[in-house]
Amino acid sequence: MPSGTVRTRIAPAPSGSIHVGNARTALYNWLLARQHGGVFVLRVEDTDQSRVTQDAFEAVLEDLRWLGLDWDEGPEVGGEYGPYRQSERSDRYRAVAAALEDTGHAYRCYCTAEELSQRRARAQSARRTPGYDGRCRNLTDAERAAFESEGRSFALRFRVPEDRTIAFVDVVRGPIATRSDQIPDFVVRRSDGSPTYMLAAAVDDMAMEITHIIRGEDLVAATPRQLLIREAMGVTETPVFAHLPLLVAPDGKPLSKRWGDVAVSAYRRMGFLPEALVNYLALLGWSFDEKTNIFSVDELITKFTLERVTRNPAIFDIPKLEWLNAHYIRLLPPEALAERLVGVCADAGLPAGSDEGKRLLGLVAPLLSERLKRLEEAPPMVRFLFGPVPPDAKAAKLLDGKRPYLEEVAGALGGVEEWAAGTIEETLRRVATEWDLKPKQAFQPIRAAVTGTLVSPPLFESLEILGRAETLARLTSTP
RNA sequence: GGCCCGGUAGUCUAGUUGGCCGAGGACGCCGCCCUCUCAAGGCGGAGAUCACGGGUUCGAAUCCCGUCCGGGCUACCA
């Protein structure tokens with residue numbers, strides 16, 4: 001285990017809002033760094049220039065910031081190990097590739113893509129291992145010259161040592177050993193001069209002195225190859241490795257857009273709170289004990305350990321996320337909730353941004369806090385505050401023939417001295433008794449007339465917020 | 001095909017130095033209470049032959065062997 005400062009990293013491709021699986025990986029890396037007073041590095045893997053746009057890049061940073069995962073080194077904050085975008089590090093990869101070739105750890109491979117795929121197909125049909133067959137591994141100078149004069153370009157392949165076992169300890173999966181005959185010679189520099197992921201990641205992790213490499217399970221097989229590169233470069237320090245189990249969709253298949261929302265931004269838009277997503281992500285693959293489910297970020301920082309990460313894949317289960325989200329919404333101070341409500345209500349087309357809108361939302365927020373699983377659910381619940389809502393089918397049915405009763409209610413409410421939930425309730429109960437109605441029979445028609453639906457925030461408080469004039473108007477305008 | 005990993009209720013998981021587990025917690029589901037609706041909260045319930053089959057043992061979810069199922073990797077993708 002490396003000593004000194006803990007340095008972890010997340011290395012997303014800047015291809016837009018980050019995948020929730022990557023968000024979890026980022027979270028675990030961040031937690032470990034924070035727990036040890038270490039450094040969390042953000043490195044952008046933008047070698048595939050064609051797919052990178054400035055918007056996509058910004059989206060990644062925005063997601064991370066929204067989740068609260070601040071980075072100590074990386075884009076926008078700098079650091080001693082920069083640059084932090086792979087597209088700006090080409091000279092380093094070039095230098096390492098050249099060094100590997102000079103020391104004989106890598107060699108030129110002149111095989112063309114067509115030749116390789118043909119041989120791979122042949123190997124496969126003959127039930128042989130489909131990996132590179134080592135054809136250019138021991139070319140003579142004459143053969144090399146012949147290829148060169150043909151005008152062939154070449155890729156640089158790593159010369160995997162023979163008869164070796166590459167072993168490392170994965171903190172979550174235990175010891176892992178791979179025989180080198182399982183690893184075909186792999187490309188480190190493409191024929192166009194660009195580095196492959198294998199090279200770039202290994203080089204950057206070495207150069208940035210990353211001490212703990214926490215990443216997805218899909219990269220376990222890449223680890224021995226990166227270890228080989230480190231070794232060839234004379235680096236003896238080995239980072240701690242931890243490979244996280246995959247996140248899968250409810251059908252057990254890998255999480256993909258085909259199933260539903262995989263982007264962090266989608267959850268933000270749906271009204272999930274970052275603290276809820278963070279808590280949920282922490283729980284997907286990790287547990288503290290046999291009964292605790294709720295963890296604040298600070299608790300996660302002190303309690304998280306890689307040793308307690310599980311090895312089996314987890315299904316991304318929205319209902320549990322919603323339960324956590326409801327919990328965190330209830331924890332929000334009313335003013336904070338009101339503030340967030342302004343945004344979602346405005347997005348839903350309600351005039352929530354006005355002073356009056358803000359005033360109304362400030363008043364209803366306490367009534368909504370224990371009724372929301374997602375912020376997105378708020379607009380329909382508060383719509384009645386912004387104007388009359390035509391009764392829906394059920395409300396209309398209930399309203400049928402209630403005109404006399406509602407007139408009576410309006411009259412009684414008109415006489416209330418101080419317009420407040422308490423006095424309103426008193427009055428309405430009195431009328432109910434006079435009409436010999438059970439509470440539910442008495443109040444649902446009023447709710448229907450005023451809100452247009454049979455489900456709303458608590459009635460008396462709702463009427464108080466709506467105001468006397470508007471309440472009376474709606475009660476008496478009922479057909 | 002080869003190498004590696006995983007398999008506890010619908011879901012996330014606890015448990016892995018074998019007995020305290022005739023399997024604990026949470027989400028979801030069902031019911032009751034509370035109640036002006038919906039929630040929240042309280043209480044209770046259903047739901048797991050611990051993938052399957054052998055074996056070791058006084059005793060196995062936990063150890064061994066085999067089988068099945070799922071997944072990852074096996075690219076001049078990352």
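Residue numbering restarts at 1 for every chain, and letters A, B, ... go by the order of the sequence lines.
Base pairing of B/C38: no nucleotide in any strand meets the Watson-Crick or G-U wobble criterion (both distances under 3.5 Å). In this structure, B/A51 and B/U67 make a Watson-Crick or G-U wobble pair, each of the two defining distances being under 3.5 angstrom. Pairing of B/A61, defined by two Watson-Crick or G-U wobble distances under 3.5 Å, is not identified with any nucleotide. For B/G18, there is no paired nucleotide, since no Watson-Crick or G-U wobble pair has both relevant distances below 3.5 Å. Across the strands present, B/G31 finds its partner in B/C43; the criterion is a Watson-Crick or G-U wobble pair with both atom distances under 3.5 angstrom.
Counting only heavy atoms from C-beta on, A/R120 has its side chain closest to B/C76 among B/C76, B/A26, B/C36. Residue A/R225 has its side chain nearest to B/A78 when only B/C36, B/A78, B/G25 are considered. Closest to the side chain of A/R330, from the set B/A40, B/U37, B/A78, is B/A40. Relative to the side chain of A/N312, the nucleotides B/G7, B/G41, B/U37 differ in distance, and B/G7 lies closest. Each of B/C12, B/A78, B/U37 was ranked by its minimum atom distance to the side chain of A/R371; first place goes to B/U37. Distances from the side chain of A/E217 to the nucleotides B/C5, B/U37, B/G6 place B/C5 closest. The side chain of A/N293 lies closest to B/A26 when the candidates are B/A26, B/C73, B/C76. The side chain of A/S191 lies closest to B/C76, out of B/G25, B/U37, B/C76. Counting only heavy atoms from C-beta on, A/L219 has its side chain closest to B/A78 among B/C3, B/U11, B/A78.
If you check every strand for non-hydrogen atoms under 4.0 Å, A/K253 touches sugar and phosphate atoms only. Residue contacts for A/A314: at a heavy-atom cut-off of 4.0 Å it reaches the sugar-phosphate backbone alone, with no base atom in range. Residue contacts shown for A/M381 are absent, as no nucleic acid heavy atom lies under 4.0 Å away. If you check every strand for non-hydrogen atoms under 4.0 Å, A/L246 touches sugar and phosphate atoms only. Contacts of A/I176 with the nucleic acid, taken as non-hydrogen atoms under 4.0 Å apart, are absent. Looking at heavy-atom distances under 4.0 Å, A/L459 makes contact with a base. No engagement by A/G216 is indicated, since no non-hydrogen atom pair under 4.0 Å with the nucleic acid exists. Looking at heavy-atom distances under 4.0 Å, A/T310 makes contact with sugar-phosphate atoms alone, never a base. Among the protein residues, A/Y280 comes within range of no part of the nucleic acid, since none of its heavy atoms lies under 4.0 Å from any strand.
If you take atom P in B/U11 and the same atom in B/C58, they sit 37 Å apart, rounded to whole Å. B/A9 and B/A48: their C1' atoms are spaced 4 Å apart (whole Å). Spacing between B/G15 and B/C63 at atom C1', rounded to whole Å, works out to 16 Å. With both ends at atom P, the span from B/C68 to B/G24 equals 33 Å, rounded to whole Å. B/U16 and B/A78 have their C1' atoms separated by 34 Å, given to the nearest Å. Spacing of P atoms, B/C65 relative to B/A75, comes out at 30 Å, to the nearest Å. Comparing the P positions of B/U67 and B/G2 gives an interatomic distance of 12 Å, to the nearest angstrom. Nucleotides B/C27 and B/G45 are separated by 15 Å at their P atoms, to the nearest Å.
When ring centroids are compared, A/F443 and A/F460 come within the 6.0 Å threshold. Note: A/Y280 and A/Y267 fail the aromatic proximity criterion, with ring centroids not under 6.0 Å apart. Aromatic pair A/Y28/A/F304: centroids less than 6.0 angstrom apart.
For A/R173 against B/C5, a side-chain-to-base donor-acceptor contact under 3.5 Å is absent. The base of B/C76 is not paired with the side chain of A/T196 by any donor and acceptor separated by under 3.5 Å.
Distances shorter than 4.0 Å separate none of the side-chain N or O atoms of A/K320 from OP1 or OP2 on B/G28. Regarding contacts with the backbone of B/C5, every side-chain N or O of A/R311 stays at 4.0 angstrom or more from both OP1 and OP2. At the phosphate of B/A14, OP1 or OP2 sits under 4.0 Å from a side-chain N or O atom of A/S287. Distances shorter than 4.0 Å separate some side-chain N or O of A/R157 from OP1 or OP2 on B/C76. Residue A/R308 has a polar side-chain atom (N or O) positioned under 4.0 Å from OP1 or OP2 of B/G15. When the side-chain nitrogen and oxygen atoms of A/R189 are compared with OP1 and OP2 of B/C76, none of them lie within a distance under 4.0 Å. The phosphate of B/A78 (OP1 or OP2) has a side-chain N or O of A/R190 nearer than 4.0 angstrom.
Per the geometry, CD1 belonging to A/I183 stands 13 Å off C1' belonging to B/G2, to the nearest Å. Rounded to whole Å, the distance from CZ on A/R179 to P on B/C4 is 7 Å. Atom-to-atom, CH2 of A/W286 to P of B/A14 comes out at 11 Å; the value is rounded to the nearest Å. Rounded to an integer number of Å, the gap from CG of A/N325 to P of B/C12 is 20 Å. Computed from coordinates, the A/E290 CD to B/C21 P distance equals 10 Å when rounded to whole Å. As rounded to whole Å, 18 Å separates atom C1' of B/C3 from atom CZ of A/R164. The distance between atom CZ of A/F158 and atom P of B/A75, rounded to the nearest whole Å, is 17 Å. Note: CZ (A/F316) to C1' (B/U13) measures 16 Å, nearest angstrom.
Residues A/R179 and A/D181 are paired through a salt bridge, judged by an N-O separation under 4.0 Å between the basic side chain and the carboxylate. The existence of a salt bridge linking A/R430 and A/E434 is confirmed by a sub-4.0 Å separation between a basic side-chain nitrogen and an acidic carboxylate oxygen. By the 4.0 Å N-to-carboxylate-O rule, A/D205 lies close enough to A/R43 to be salt-bridged with it. Salt bridge A/E148/A/R144: absent, no basic N to carboxylate O contact under 4.0 Å.
Each of A/R137, A/R157, A/R159 was evaluated against A/D185; a single residue qualifies, A/R137, per the salt bridge (Lys or Arg N to Asp or Glu O under 4.0 Å) test. Considering A/L367, A/V364, A/L368 in turn, A/L368 is the only one that fulfils the side chain to side chain contact (heavy atoms under 4.5 Å, CB included) rule with A/M381.
A residue-by-residue look at A/T178 and A/C111 shows that A/T178 has its nearest nucleotide of RNA chain B further toward the 5' end. Checking A/P254 against A/F154, the closest nucleotide of RNA chain B that is more toward the 5' end is the one next to A/P254.
The side-chain heavy atoms of A/N293 and A/K320, taken from C-beta on, include a pair separated by under 4.5 Å.
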